[in-house]
Enquirer: 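Here it is: the structure, laid out below.
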Protein chains: 2
Amino acid sequence: MSVQITREADYAIRCILHLVGLDGGMSTVRNIADRESIPRSFAAKIVQKLTKAGLVESVRGVKGGFRITRSPEEISLLDVIEAVEGPISMNICVLDKKSCDRQPQCPVHPCWVEITESIRERLGSYTFERILRESGR
Amino acid sequence: MSVQITREADYAIRCILHLVGLDGGMSTVRNIADRESIPRSFAAKIVQKLTKAGLVESVRGVKGGFRITRSPEEISLLDVIEAVEGPISMNICVLDKKSCDRQPQCPVHPCWVEITESIRERLGSYTFERILRESGR
DNA sequence: ATATATAGGACTGATTTTATCCTATTTATC
DNA sequence: GATAAATAGGATAAAATCAGTCCTATATAT
């Protein structure tokens with residue numbers, strides 16, 4: 001079951017999908033969560049992370065909520081996933097060299113580096129503009 | 001930290017790397033575990049899975065152990081990872097359609113299918129022959 | 001018979017995932 | 001200014017998964 005994104009990342013993508021659909025309009029956590037089938041308090045945590053990552057901005061107080069900060073062609077799946085999960089990699093050794101005890105250099109390491117880069121590229125190529133276009137809106 | 005292979009899969013790859021290095025020769029769990037820095041009893045579980053997947057074969061009793069069943073160009077990272085983790089996918093919905101409550105069709109679904117296929121292809125392209133060759137043995 | 005292997009199931013502790021809850025703060029409106 | 005509706009963020013908790021151990025059974029060379 002591994003090599004999968006988490007449910008949190010999946011939820012985060014739904015959040016962005018929702019906000020992108022509003023064309024820069026605002027929505028509350030309550031709204032996003034209910035429309036996108038995400039537990040409310042979990043959704044709150046997630047949009048907070050998206051805010052910290054700069055993908056959305058928040059407005060506090062009455063009439064507050066969240067809105068997207070970029071146009072759909074400037075946000076990719078990679079941006080959203082890494083906003084909630086941090087940098088992704090196929091193996092821990094790609095991010096944390098010293099996590100690998102195998103000396104001097106494990107022959108598989110370059111594979112992980114290359115595959116990680118390829119996944120990041122591909123995820124980066126899926127912008128929300130593209131996703132919506134290819135799904136016929 | 002997600003989208004990573006598990007430590008178990010990493011260990012499994014070390015096991016195969018070890019056995020491939022023996023050119024068809026046999027090795028015991030004890031040996032593999034010690035040489036590849038894998039906890040012994042965990043290594044036992046792992047080579048058992050590799051045996052069930054047909055990547056290695058076992059010989060029981062005194063002088064027993066494990067040996068590789070294919071040549072290094074016929075075993076890829078994908079084979080080993082899926083032998084211990086089962087089929088991989090970027091999102092649960094790729095393997096289990098009904099896991100997704102979003103009707104009728106989530107616009108992101110095709111992305112997961114495509115990216116999953118691309119990862120599988122790339123992992124499949126790394127045979128142990130290639131890994132050893134590119135690392136200069 | 002014995003010693004040395006693997007086979008496989010049951011179990012356990014640690015970590016991560018998936019949340020929930022509570023208090024503080026901000027802000028529009030009356 | 002009081003109030004209601006919203007986000008900010010920390011603490012906590014339940015469930016699932018990961019990582020690993022242990023034990024008994026079975027096979028086999030000597």
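Because the structure is predicted, anything quoted here is derived from the model rather than measured.
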Enquirer: Distance check needed: C:dT4 P versus B:Asn31 CG, whole Å only.
Expert: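 That distance rounds to 15 Å.
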Enquirer: Rounded to the nearest Å, what distance is computed from the CD atom of residue A:Glu57 to the P atom of nucleotide D:dA8?
Expert: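 A:Glu57 atom CD is separated from D:dA8 atom P by 11 Å.
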Enquirer: Would you work out how much the helix from C:dA1-D:dT30 to C:dC30-D:dG1 bends between its ends, with each end axis defined by five base pairs, to 10 degrees?
Expert: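 It works out to 0° between the end axes.
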Enquirer: Polar-atom pairs under 3.5 Å, protein N or O versus N or O of nucleotides 6-10 of chain C: list them with distances, or write none.
Expert:
unit_1, atom_1, unit_2, atom_2, d
C:dT6, OP1, B:Val29, N, 3.0
C:dT6, O3', B:Ser58, OG, 3.3
C:dT6, O2, B:Arg60, NH2, 3.4
C:dA7, OP1, B:Ser58, OG, 2.5
C:dG8, N7, B:Lys45, NZ, 3.2
C:dG8, N7, B:Gln48, NE2, 3.1
C:dG9, N7, B:Lys45, NZ, 3.0
C:dG9, O6, B:Lys45, NZ, 2.4

Enquirer: Is there a side-chain contact between B:Tyr11 and the phosphate of D:dG20, meaning an N or O under 4.0 Å from OP1 or OP2?
Expert: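 So the side-chain polar atoms of B:Tyr11 do come within 4.0 Å of the phosphate oxygens OP1 or OP2 of D:dG20, strictly under.
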Enquirer: If we ignore angles and hydrogens, is there a donor and acceptor under 3.5 Å between the side chains of A:Ser125 and A:Arg130?
Expert: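 A:Arg130 and A:Ser125 do have a side-chain donor-acceptor pair below 3.5 Å.
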Enquirer: May I have the distance from B:Glu85 (atom CD) to D:dC18 (atom P), rounded to whole angstrom?
Expert: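 It works out to 7 Å between those atoms.
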Enquirer: Round to a whole Å and report the spacing from CD1 of A:Ile46 to P of C:dT20.
Expert: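 Going from A:Ile46 (CD1) to C:dT20 (P), I get 11 Å.
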Enquirer: Before accepting this row, confirm whether a basic side-chain N of the pair B:Arg122/A:Glu114 lies closer than 4.0 Å to the acidic partner's carboxylate O.
Expert: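 Answer for the salt bridge query: yes.
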Enquirer: Atom NZ of A:Lys49 to atom P of C:dA19: distance rounded to whole Å?
Expert: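 In whole Å, C:dA19 P and A:Lys49 NZ are 13 Å from each other.
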Enquirer: Answer yes or no: is there a side-chain heavy-atom contact under 4.5 Å between B:Val59 and B:Lys63?
Expert: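 They are not in side-chain contact.
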Enquirer: Could you tell me whether the side chain of B:Ser89 reaches within less than 4.5 Å of the side chain of B:Trp112, counting heavy atoms only?
Expert: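 Not in contact.
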Enquirer: Which of these nucleotides, D:dT21, D:dA29, C:dT18, is closest to any side-chain atom of B:Pro39?
Expert: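 In terms of side-chain proximity for B:Pro39, the closest of D:dT21, D:dA29, C:dT18 is D:dT21.
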Enquirer: Ion pair present between A:Glu57 and A:Arg67, side-chain N to carboxylate O less than 4.0 angstrom?
Expert: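 Salt bridge between A:Glu57 and A:Arg67, a charged N being under 4.0 Å from a carboxylate O: yes.
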Enquirer: In whole angstrom, give the distance that lies between atom CD1 of A:Ile32 and atom P of D:dA6.
Expert: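 Atom CD1 in A:Ile32 sits about 12 Å away from atom P in D:dA6.
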Enquirer: Rounded to whole Å, how long is the line connecting atom CE of B:Met26 with atom P of C:dT4?
Expert: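 So the CE-P distance, B:Met26 to C:dT4, works out to 16 Å.
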Enquirer: Check for me whether B:Arg14 meets the cation-pi criterion with B:Tyr11, that is, NZ or CZ under 6.0 Å from the six-membered ring centre and within 45 degrees of the ring axis.
Expert: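 No, a cation-pi geometry is absent between B:Arg14 and B:Tyr11.
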Enquirer: Please state how far atom CZ in A:Arg40 lies from atom P in C:dC22, giving the value in whole angstrom units.
Expert: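 To the nearest whole Å, that distance equals 16 Å.
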Enquirer: Check every atom of D:dG20, C:dT27, C:dT17 against the side chain of B:Arg7 and return the nucleotide holding the closest atom.
Expert: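 When the side chain of B:Arg7 is considered, D:dG20 is the closest of D:dG20, C:dT27, C:dT17.
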Enquirer: If you measure only the distance, is there a donor-acceptor pair under 3.5 Å linking the side chains of B:Ser71 and B:Glu74?
Expert: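 Indeed, the side chains of B:Ser71 and B:Glu74 share at least one donor-acceptor pair under 3.5 Å.
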Enquirer: Students often get this wrong, so: under 4.0 angstrom with heavy atoms, is A:Ser41 touching a base, only sugar-phosphate, or nothing?
Expert: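 Since a base atom lies under 4.0 Å of A:Ser41, the category is base.
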Enquirer: Taking 4.0 angstrom as the limit, do A:Lys49 and A:Glu8 come out as a salt bridge?
Expert: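 A salt bridge is present here (some side-chain N lies under 4.0 Å from a carboxylate O).
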Enquirer: With distance as the sole criterion, is a donor-acceptor pair present between the side chains of A:Glu85 and A:Thr6 under 3.5 Å?
Expert: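 Yes, A:Thr6 and A:Glu85 have a side-chain donor paired with an acceptor closer than 3.5 Å.
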